[in-house]
Engineer: 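Input: one structure, supplied below.
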Amino acid sequence: MTDLRFRVVETAFKKKPATVEIPSERPSEYFGKYVFNREKMFKYLPSSTYARLLDVIDHGAALDRSIADEVAEGMKRWAMDLGVTHYTHWFQPLTEGTAEKHDSFVEHDGKGGMMEEFSGKLLVQQEPDASSFPNGGIRNTFEARGYSAWDPSSPVFVVDDTLCIPTIFIAYTGEALDYKAPLLRALRAVDKAATEVCQYFNPEVKKVVAYLGWEQEYFLVDEGLYAARPDLLLTGRTLMGHESSKNQQLEDHYFGAIPSRVAAFMKDLEIHALQLGIPVKTRHNEVAPNQFELAPIFEECNLAVDHNMLLMSVMRKVARNHGFRVLLHEKPFKGVNGSGKHNNWSLGTDTGLLLHSPGKTPLDHLRFITFLVNTLMAVYKNNGLLKASIMSATNAHRLGANEAPPAIISSFLGSRLTAVLDHLEQSEEGDLSSLSGKTGYKLDIPQIPELLIDNTDRNRTSPFAFTGNRFEFRAVGSEANCASAMIALNAAMAHQLTEFKAEVDALIATGVEKEKAIMTIVRRYIKECKPIRFDGNGYCDEWKVEAAKRGLDCETSCPVIFDNYLSAGTIAMFEATGVMTRKELEARNEVKWETYTKKIQIESRVLGDMVMNHIIPVATDYQSRLIDNVFKLRELITNGEATELTEENLAIIKRIGRHTNFIAEHVRQMVEARKEANKIEDERGKAVAYHDIIAPMLEEIRYHIDKLELIVDDRMWMLPKYRELLFVR
Ligand code: ADP
Ligand code: MG
């Protein structure tokens, strides 16, 4: 039995890359093959229906139920041409993944036979029996109804034999029970607020779109090794395991050659992703061994979120076909980098990006500065909330653990843009001449176009960095639904822009010229939001002290960070923008605390089991062998030499004893602590107890397990070690 570990390692070592079925067409030809995109809509829908559906998609026109039947019929015909037999509403409950419940198209035909049917009613709305999704008390069992409703702005797609329909998921009383509903509300709010501000500069602007380009980091582990680790299997991370002598210190993995088994997986994944309309573009090795990244071309935010959720599930599936398991956990291995999911975010109109200044006119520059500074204000005012939006039991291992990013939200602009803002700030109040060019009133900021071309001045430690034409929110966790961060960011931005507009309009009403009014408010904001700007090293201790002085949120406890969602300012912001109500926010926090508790609880149980079933038996076994050896030596050698000869083994015997005692004793204490914590009724209180008391115990126990791993005979150790998990591929 004890050679199980060697067997799985050997098997993993010998694995060859899986064969990948390469389509005969080019990527540009099979892109979106399984998506009911415009091309297919045009082909499968009557032309009037097609036109009306596009109006719904592009202009948010109300979805007329009368066209729904025709749309459903077209979708069904397209899907059946692909061999599809089932359909599902595909939604994003407040768990990590997506939910689906498949129904087949088959219905009685009234003549004793069956027929394929799919009506508009089924497309548009359903009532999944979903009473066991987390809802934070919004749905008591007597009213446990939840509706899923079609989101026409995200196209339906086919996975295997099933037509998947992206939907929102709401309670029958209207509260959101998912991520998509509030995200759509936040996107609508930011569209409205930003469009109004854009109209200062260009009255033609009718719509502002929020964009998202995510970068997904992940680890791959051979599935045999994965299966031999109960902690990976049940919690997604290793709860024990001594660091490998070599890990990432040589920095030889980052951007290194991609191993062939992995390359085959990536190729396969990309084909699947492209066929599902996910515009994947970039792939590379990441910093840690066996860590990789994949990024698509950025898209409209709602679609990008759906695509990321879909990609994560496709990844899991494809990995298995290659004998891998994909680890999306933020920190699967101690001592090497964790995984994040940078969220590149920007706003744009049909005339171009708003965080980019391609134009040459002064008004373009002013517009750019306006959006930049308002973003900084939004981040400044909501820095605690933004941190809460990316916080989770799993991401907590990255944040504040001396790894990107720190647990304080700040924004990096780079030296040139900083100089521009400083310049604007220092110019005299009301004096626009310092910004004037030769031809009258002009914003003469020559640095800007230059800066956009050459923005290599990057700061990897900044959680919210400006990178040329967008902000990169780096604190998002690899496993997270991007929607959480995007809801907070877009809602905050919407609120900020609305406030800005009100202030500018008030000035204009007193007779101030428009441009001057904008400049006046922008200059005030530049001063006001200064505390959020930080270009230094986000990991150093000085920054923590400095950030606290600046009044930024420096809290590190995950459950306490969630309080930010219920601060007066946050509730007012979400209610004013129509994104979430107090009731929804309260319910969501209940879910967040409960999830936190459950995660730590599961880890604690798994570690307890591993200790009792693996660690202590193996360590004791080895200890017994040494004891046996000592006894026998003493029997064999009867002169004084025996003491000396058995000295070393005796020392090891004692060390093992000390470690196993500590471990066993602390596991007992941990069980007691759990029992105590479980008595706490209030979800927040319980989560705080799990954070303050139980989570640290996991670390203490681990320390001693890891010491044992170094002592115990390698042939007896049953659990795959870091060097095997991380280097065998
Ligand atoms: P990095 O150098 O930051 O690792 P990547 O190429 O891995 O860059 O990823 C950058 C991501 O940012 C891509 O998804 C890209 O499409 C996206 N992106 C680029 N410009 C914008 C923008 N204006 N708004 C949103 N996302 C953008
Ligand atoms: Mg990248």
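Order of listing sets the numbers, starting from 1, for every ligand and every atom in it.
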Engineer: Relative to ligand 1, is Thr467 under 4.0 angstrom through side chain, backbone, both or neither, heavy atoms considered?
Structural biologist: neither

Engineer: Establish, from distance only, whether the side-chain atoms of Trp90 and Asp306 form a donor-acceptor pair under 3.5 Å.
Structural biologist: no

Engineer: For ligand 1, does Lys281 get within less than 4.0 Å through its side chain, its backbone, both, or neither, judged by non-hydrogen atoms?
Structural biologist: neither

Engineer: Between the side chains of Asp191 and Lys206, is the shortest nitrogen-to-carboxylate-oxygen separation below 4.0 Å, so that they form an ion pair?
Structural biologist: no

Engineer: Which one of Gly352, Ala295, Pro296, Gly348 has a non-hydrogen atom at the shortest distance from atom 13 (C) of ligand 1?
Structural biologist: Pro296

Engineer: Compare Leu353, Asn344, Leu354 and give the one whose heavy atom is closest to atom 12 (O) of ligand 1.
Structural biologist: Asn344

Engineer: When you measure from atom 20 (N) of ligand 1 to each heavy atom in Arg470, Glu215, Gln216, which option holds the nearest one?
Structural biologist: Arg470

Engineer: Determine whether the aromatic ring centres of Phe157 and Tyr34 lie less than 6.0 Å apart.
Structural biologist: no

Engineer: Looking only at side-chain N and O atoms, does Tyr722 offer a donor or acceptor that is under 3.5 Å from a partner on Thr238?
Structural biologist: yes

Engineer: Heavy-atom pairs closer than 4.0 Å: do any link ligand 1 to the side chain of Glu293, the backbone, both, or neither?
Structural biologist: side chain

Engineer: Please report the shortest heavy-atom distance between Gly338 and Glu217, naming the atom on each side.
Structural biologist: O-OE1, 3.7 Å

Engineer: Just distances here: any N/O of Tyr211 and N/O of ligand 1 closer than 3.5 Å?
Structural biologist: no

Engineer: Could you walk me through whether Tyr211 and Trp345 satisfy the ring-ring contact (aromatic ring centres under 6.0 Å, His included) test, starting with their C-alpha distance in whole Å, then the side-chain angles of each, then the deciding distance to 0.1 Å, before giving a yes or no?
Structural biologist: CA-CA 6 Å; Tyr211 294 109; Trp345 169 89; over 10 Å; no

Engineer: Would you mind running through ligand 1 and noting each atom that sits below 4.0 Å from a heavy atom of Ile297?
Structural biologist: 16 (O)

Engineer: What I want to know is whether Leu212 and ligand 1 share at least one N or O pair that is separated by under 3.5 angstrom.
Structural biologist: no

Engineer: Pick, from Trp345, Trp214, Phe298, the option with the minimum heavy-atom distance to atom 27 (C) of ligand 1.
Structural biologist: Phe298

Engineer: Within ligand 1, which atoms have a heavy atom of Glu472 less than 4.0 Å away?
Structural biologist: 3 (O)

Engineer: Report yes if the distance between the aromatic ring centroids of Phe333 and Phe219 is under 6.0 Å, otherwise no.
Structural biologist: yes

Engineer: Could you tell me whether the side chains of Glu479 and His329 share a donor-acceptor contact shorter than 3.5 Å?
Structural biologist: no

